[in-house]
There are 2 protein chains.
Amino acid sequence: MKLTSKGRYAVMALVDLARFDSINPVSLRDISLRQNISLDYLEQIFSKLKKNNIVKSIRGTQGGYILNKNPNDIKLTNIFYAVDEKVKTVQCKKESKKGCNGKATKCITHDLWDELENHINSFFKNKSLEDLIKNKKETRI
Amino acid sequence: MKLTSKGRYAVMALVDLARFDSINPVSLRDISLRQNISLDYLEQIFSKLKKNNIVKSIRGTQGGYILNKNPNDIKLTNIFYAVDEKVKTVQCKKESKKGCNGKATKCITHDLWDELENHINSFFKNKSLEDLIKNKKETRI
DNA sequence: CCATACCTGACTAAATTGGTCAAGTATAGA
DNA sequence: TCTATACTTGACCAATTTAGTCAGGTATGG
Ligand code: FES
Ligand code: FES
């Protein structure tokens, strides 16, 4: 099981954004250069972050993005949800009554994977952007 | 991030094997039918489990596989390692001094992903096959 | 009016996944 | 000895996902 770049980049970019400025907008170009992430790809990611009210945008020269919430209220869960980085351990569909084996009952390891999923999600729920930037704020270069 | 079928099937099959019989060999055909996993695919998986001394094989009629260790000594970690189901959260290569951004220092989220990786691995290290079959042993049909 | 920077959608190469297929070899039981 | 069972090995492949690129837009401050 692995983390995809989309989720990794989203968190990276938001940490960068939060560290560098909390009032003035930060352009994706700057983030792209500092973190070495493709600008085009960042645009796709920020489009989703914006739809989920995690950031807001300011167009035009000197524009960019700003956090739309207090860093303490932005959990990794929220970020991952926004960019569709899902934690999926069970094979079966959650809504379905059927197990992944096509039978009426859940498979013999279903509960295990469910437990694992909760274990992982608890990590994401407890970690906020604020936790990640503590003592690491920087001033604009 | 998601669990792949290879890891899921490996655990499923071993739980099945351990539950159904601890002395007589269990054939992959039986496991395949009970758990609804492709037989050909199971063969690939068990070839790896055997190489890692988790199971041993008995050829011929009435043959099959048996656990090669006490279920208590088989942790999920061992199973996943055997079938190459890796937990990979960081992007950078662990040996390399370079960060994922190509720079000399680790990226700003490296430590976070490393912490996540440890969090997940601790789950796998602590869970044994024995934990999964407690009170669930069945007799051969 | 123009440079900056957000915005949107289409497209794609490469890797991974989740298998299938084919051709064996070893062994127990009839 | 013959045969059915079941392990063994390696090649192959279709579908999906990933991690982007590309080509256009649109809004705005100076
Ligand atoms: S994972 Fe849910 S039934 Fe198998
Ligand atoms: S994940 Fe290790 S340097 Fe970025």
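Fair warning: this is a prediction, and the values are worked out from it, not measured in the lab. Note on naming: letters A, B, ... go to the chains in the order of the sequence lines (proteins, then strands), and numbering restarts at 1 for each one.
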*Partners passing side-chain hydrogen bond (donor to acceptor under 3.5 Å, both in side chains) against Glu43(A) (at least two apart in sequence or in another chain)*: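 Expected list: none.
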*Please identify each residue that fulfils side-chain hydrogen bond (donor to acceptor under 3.5 Å, both in side chains) with Lys86(A), with sequence neighbours left out.*
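Partners of Lys86(A) by the side-chain hydrogen bond (donor to acceptor under 3.5 Å, both in side chains) criterion come out as none, since no residue qualifies.
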*Who are the salt bridge (Lys or Arg N to Asp or Glu O under 4.0 Å) partners of Lys48(A), not counting sequence neighbours?*
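For Lys48(A), the residues satisfying salt bridge (Lys or Arg N to Asp or Glu O under 4.0 Å) (neighbours in sequence not counted) are Asp84(A).
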*Could you tell me which residues satisfy salt bridge (Lys or Arg N to Asp or Glu O under 4.0 Å) with Lys106(B), sequence neighbours excluded, listed by chain and number?*
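For Lys106(B), no residue satisfies salt bridge (Lys or Arg N to Asp or Glu O under 4.0 Å) once neighbours in sequence are set aside.
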What integer distance in Å separates [X]:[atom1] from [N]:[atom2]?
| X | N | atom1 | atom2 | answer |
| --- | --- | --- | --- | --- |
| Ile45(A) | dT8(C) | CD1 | C1' | 15 Å |
| Asp40(B) | dA23(C) | CG | C1' | 12 Å |
| Asp84(B) | dG18(C) | CG | C1' | 15 Å |
| Glu43(A) | dA5(C) | CD | P | 11 Å |
| Tyr65(A) | dA5(C) | OH | C1' | 9 Å |
| Gln62(A) | dC6(C) | CD | P | 11 Å |

_With rounding to the nearest 0.5 angstrom, report the CD1 to CG distance, Ile74(A) to Asn68(A)._
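Reported value, rounded in 0.5 Å steps: 8.0 Å.
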*Going 5' to 3' on DNA chain D, which nucleotide is the first and which the last to come under 4.0 Å of a heavy atom in chain A?*
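Endpoints of the contacted stretch of DNA chain D: dT18(D) to dG29(D).
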*Considering heavy-atom distances to DNA chain D, does Gln44(B) or Gln91(B) have its closest nucleotide positioned more toward the 5' end?*
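Result: Gln44(B).
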Listed partners of [X] passing side chain to side chain contact (heavy atoms under 4.5 Å, CB included), at least two apart:
| X | result |
| --- | --- |
| Glu115(A) | Phe123(B), Lys127(B) |
| Arg29(A) | Ser27(A), Leu33(A) |
| Asn36(A) | Asn101(B) |
| Ser128(B) | Asn72(B), Lys75(B), Glu130(B), Asp131(B) |

*So which of residues 47-60 of chain A are in contact with DNA chain C, with a heavy-atom cut-off of under 4.0 Å?*
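Per residue number, the list reads Lys50(A), Ser57(A), Ile58(A), Arg59(A), Gly60(A).
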*Considering only Ile, Leu, Val, Met, Phe, Trp and Tyr, and joining two whenever side-chain heavy atoms are under 4.5 Å apart, list the other residues clustered with Ile66(A).*
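Once heavy-atom contacts under 4.5 Å are chained together, Ile66(A) belongs with Ile58(A).
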*Exceeds 12 heavy-atom contacts within 6.0 angstrom, atom NZ of Lys56(A)*: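 Atom NZ in Lys56(A) is not crowded, with 12 or fewer foreign heavy atoms closer than 6.0 Å.
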*Between dA5(C), dT27(C), dC7(C), which nucleotide gets closest to the side-chain atoms of Ser27(A)?*
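Of all the options, the side chain of Ser27(A) is nearest to dA5(C).
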*Does Gly63(A) or Thr61(B) map to a spot on DNA chain C nearer the 5' end, using the closest nucleotide for each?*
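Looking at the nearest nucleotide for each, Gly63(A) comes out on the 5' side.
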*For DNA chain D, the residues among residues 1-14 of chain B that have a non-hydrogen atom under 4.0 Å from it*: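 Heavy-atom cutoff 4.0 Å gives no residues at all.
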